[in-house]
Amino acid sequence: MKVRTRIAPSPTGDPHVGTAYMALFNWVFARQHKGEFILRIEDTDQARSTRESEQAIFSALEWLGLDWDEGPDVDGPMGPYRQSERKELYLQHIQTLLDKGHAFHCFCSKKRLDDLRAEQQAAKQTTRYDGHCVNLSREEVQTRVAAGEAHVVRMRVPETGTCTFQDRLRGEITIPYSQVDMQVLLKADGMPTYHLAVVVDDHQMKISHILRGEEWLNSVPKHQLLYSYFGWPMPELIHLPLLRNTDQSKLSKRKNPTSVTYYRDQGYLPEALCNYLGLMGWSMPNEEELFSLQEMIDAFDVDRISTSGPIFDQDKLSWMNGQYLRALDVEDYAAKVSAWMLNKERLTALIPLVQERAERLSDLVPLADYLLGTRKPLTPVDFEHKALERAQVVKILHHTLAMFDLKRDWQRDDLYTSCNDLAEQCDLKLRDFLFPLFIAISGREVSLPFFDSLVFLGADLSRGRLRDALEVLSLSGKERKRLDKEVEQLRFFS
RNA sequence: GUCCCCUUCGUCUAGAGGCCUAGGACUCCGGGUUUUCAUCCCGGCAACAGGGGUUCGAAACCCCUAGGGGACGCCA
C-alpha cells in the first residue's frame, strides 16, 4: 500500500508552529516511504476561516521546505483539497448515514443544550448530548425540516460498551462509549463538522497514516464509529505528543510566540527550525543533533518517537540557529540577510516611518533598531513616569496584553481604537496610557509611531515584549490573578 | 468532575533486563584561546516521581499512588 500522509490545518489564524511540527513528521514519513504528502485545508468553520490565513499557511510550509504533492494549489486526482469545496460529497455521506439509521436529525436549541451542559456539569458528569431527538419519527422530522426549522444531524453512538483501537506509539487504547458524545456531523449552516469531513476525506484521499496531535486521541471513537458505519478500513493512527509552553501546558500564543511567521521575521533559518522541531520527541539513532531534512528522512523511524510532551525551548532553538548561521559562507549569509529583512517588501513597510524623521540615510538604523532587532533590556527604572504609579503601569501592560491576546487580526486602526477604548476605561489620557507601552515595545519613550511599530513587529513579538515588560516589573501571581479578574469586567472583554 | 495520555538532569533526549558509578545537547558556573565581545576548546553542577511486586539482576516489565497534560463545542 502506498504511504499517503496529510497535514490538515484550519485557516483561522497565523500559521502555527504546532502545524509545522505535525507537517514535518507527516512529510518526513511520506518522503521516507516514497509516498505522498497532501495538504488539505479544513475550512468548515465558515465564520473563522480566511483566505489570508490559508495563504499564510502555504507560504509558511514553503518557507520550511515542506513541499506537498497534492493540495488546493496543486492539482491532484483526489481533489478538491479545500473542504468548503467538497460539501456535496459530505452531504451524500450524511444522507447515507441517515438512511442506514446511523445518524439522526436534532432540533434542540442552543438554550436547551447550554442548560443541559450546565446541569451535567453541576452533577459532575461528562457533558454530552442526552439523546433528546434520537427517536423522533420519520414523519415528524420531515414535517419540521419542511417547515424550515433549524436543525443539525448527529451521529448515533452505542449507549454501552467500549471502543478499542490501536495507536502505533501507545498500543491499544480503550475508551468507554459512555464518554463519547453524539457528535454533530452537519451544522445548522449546512456545513459538515470536522469529524465527518476528516473521515470522509481521509478515506477518499486514501490517507494511509494519520500523524496528528495527541489532542485527537479522545475523538478516535467517533471516527472509528464513522469508519465502521461506512464500512471503510481505518488508516494507521500515530498520535504525536503536543508541544508545550514552559509551564507544560499546550503551546499557546498566550504564553509563547507560536507563529511560524514570527520565527521567520526574527531571523531564524527554516533549516534550523525544522531541525529543532525534528528533535521534539525524536532523535537520531546516533544522537547527532544537527541534521538536514534529507538526513532526517534517511534515519527516520516512526517507532522511535517518544510520547511525552516536549517543551518548546527558545534558548536551544536560538543556539541551533547560531550553529546554522556560522556554517554559512559569507555570500550565503549576505543572501539570507537580504531575503530576510533588506528585501523590498519589508523596507517598503519601514521606510515611511523613518523618512519623516531622518536627515541622513544612516539614521535608519538608530531609528529602527528595535524593529529590526531586539530592543534593549529593560529595568523597572525605565517605567518611572511623573503621572503613573507602578500599579498603573502594570495594569496598562497587563490589560493591553490581554486585549492583544484576543486579537485575531492585527491591524493598525483597530489596535488604535482598542487602545483608545482601554485608556478611556482606565480613566487615562491616551498619551499617558501609551507611555509604558512605548517602553515595552521600543525600549524608549520616544520612538517611531506606536501602532505602526506594532504592525511591523507582528502580534507574537509585540505580545512577547509586553510579557517581558511585566516580568521586568516582577508581576506577582497574586497581582496577575487580580488583574485577570479586573480585565473580565471591562467592556472590551465581555 | 469524568475519561484518555504521559512521567530519566531546569529543558530536549539516549536507554529494548546485566554494557548505568545513567550518556549526549541546551541553559548556568568555572578555566583556556582571542585586542574587547562572541565563536571555539576544556572542565563542573544537575535526573531514573514515590511505593509495592516480577527477576539472580530493573531506569527499563507489572500494579498502585502522586504529579503533569489533553479531551469533554453546531472550533479544528
Side-chain angles (χ1 to χ4, degrees), chain A residues 8-13 16 18-19 40-49 83 106-110 113-114 117 120-129 150-154 162-163 165 167 169-171 173-198 212-222 239-251 275-290 303-323 325-327:
Chain A
S10 83
T12 53
H16 199 275
T19 306
R40 184 175 70 223
I41 295 295
E42 311 231 312
D43 56 351
T44 50
D45 186 341
Q46 289 179 297
R48 291 200 293 164
S49 299
Q83 290 187 329
C106 168
F107 298 90
C108 292
S109 66
K110 174 139 193 334
L113 295 174
D114 286 347
R117 200 166 296 136
Q120 288 171 331
Q121 237 153 34
K124 307 199 165 189
Q125 292 167 335
T126 300
T127 56
R128 57 199 286 260
Y129 185 62
H151 64 277
V152 300
V153 173
R154 289 177 184 272
T162 59
C163 169
F165 60 93
D167 174 85
L169 303 176
R170 297 153 215 265
I173 295 172
T174 298
I175 295 174
Y177 281 123
S178 62
Q179 296 297 317
V180 181
D181 201 6
M182 296 180 216
Q183 181 63 48
V184 170
L185 300 178
L186 182 69
K187 302 189 252 189
D189 68 359
M191 281 299 255
T193 56
Y194 164 82
H195 296 282
L196 187 275
V198 77
R212 45 137 76 136
E214 191 181 3
E215 54 195 320
W216 296 110
L217 227 27
N218 283 293
S219 310
V220 174
K222 292 171 189 173
H239 288 93
L240 303 181
L242 254 26
L243 262 23
R244 312 282 189 94
N245 299 312
T246 326
D247 66 359
Q248 315 228 314
S249 57
K250 167 164 115 170
L251 192 68
N275 189 161
Y276 181 67
L277 288 174
L279 238 31
M280 303 274 89
W282 190 74
S283 60
M284 280 280 182
N286 65 0
E287 289 196 65
E288 178 55 52
E289 294 197 293
L290 297 170
D303 295 307
R304 282 189 68 247
I305 297 174
S306 56
T307 45
S308 56
I311 288 168
F312 193 86
D313 180 2
Q314 306 278 342
D315 278 342
K316 186 149 181 177
L317 171 60
S318 293
W319 165 80
M320 182 165 279
N321 202 55
Q323 297 296 309
L325 251 24
R326 257 159 245 133

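On a predicted model such as this, the values are computed, not experimentally measured, just so you know.
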Counting only side-chain heavy atoms from C-beta out, which of B:rC5, B:rG23, B:rA76 sits nearest to A:Glu287? B:rG23
Among A:Leu290, A:Asp315, A:Asp313, A:Leu325, side-chain contact (heavy atoms from CB on, under 4.5 Å) partner for A:Met320: A:Leu290
Can you find a heavy atom in the side chain of A:Leu169 that is under 4.5 Å from one in the side chain of A:Leu240? yes
Take atom P in B:rA25 and the same atom in B:rC42, then report the distance between them in whole Å. 9 Å
With rounding to the closest Å, how many angstrom separate the C1' atoms on B:rG68 and B:rU11? 15 Å
For B:rC72, the nucleotide meeting Watson-Crick or G-U wobble distances (both under 3.5 Å) is B:rG1
Test side chain to side chain donor-acceptor pair (under 3.5 Å) applied to A:Ser219 - qualifying residues, sequence neighbours left out: none
So does A:Arg128 reach the base of B:rC72 with its side chain, donor to acceptor, closer than 3.5 Å? no
Only pairs with both distances under 3.5 Å count, Watson-Crick or wobble alike; so what is the partner of B:rC40 in this structure? B:rG32
If only side-chain N and O atoms of A:Ser283 are considered, is one of them under 4.0 Å from the OP1 or OP2 phosphate oxygen of B:rA14? yes
When you measure from the side-chain N and O atoms of A:Lys250 to the phosphate of B:rG68, is any distance below 4.0 Å, counting only OP1 and OP2? no
B:rG17 and B:rA38, which share atom name P, separated by this distance in whole Å: 46 Å
Look at all strands and tell whether A:Gly322 reaches a base, only sugar-phosphate, or nothing, counting heavy atoms closer than 4.0 Å. nothing
With rounding to whole Å, what would you report as the distance between B:rC61 and B:rG18 at their P atoms? 12 Å
Whole Å only: how far is the NE2 atom of A:His195 from the P atom of B:rG73? 9 Å
Mind checking the P distance from B:rG30 to B:rC37? Whole angstroms is fine. 14 Å
Report the distance from atom OH of A:Tyr129 to atom C1' of B:rG73, rounded to the nearest whole Å. 15 Å
With respect to the phosphate group of B:rA76, does any side-chain polar atom (N or O) of A:Thr44 fall under 4.0 Å of OP1 or OP2? yes
P-based separation of B:rU8 from B:rG50 [nearest Å]: 11 Å
Using purine N1 to pyrimidine N3 plus N6-O4 or O6-N4 for Watson-Crick, or N1-O2 and O6-N3 for G-U wobble, each under 3.5 Å, what pairs with B:rC19? none
At less than 4.0 Å, is any side-chain N or O atom of A:Arg117 found next to OP1 or OP2 of B:rG73? Yes or no. yes
Reckon A:Arg48 has a side-chain N or O less than 4.0 Å from the OP1 or OP2 of B:rC74? no
Below 4.0 angstrom, which residues in residues 182-190 of chain A have at least one non-hydrogen atom near RNA chain B? A:Val184, A:Lys187, A:Ala188
Expressed in whole Å, how much space separates the C1' atoms belonging to B:rA22 and B:rC48? 8 Å
Should A:Ser308 be listed as having a side-chain N or O under 4.0 Å from OP1 or OP2 of B:rG68? no
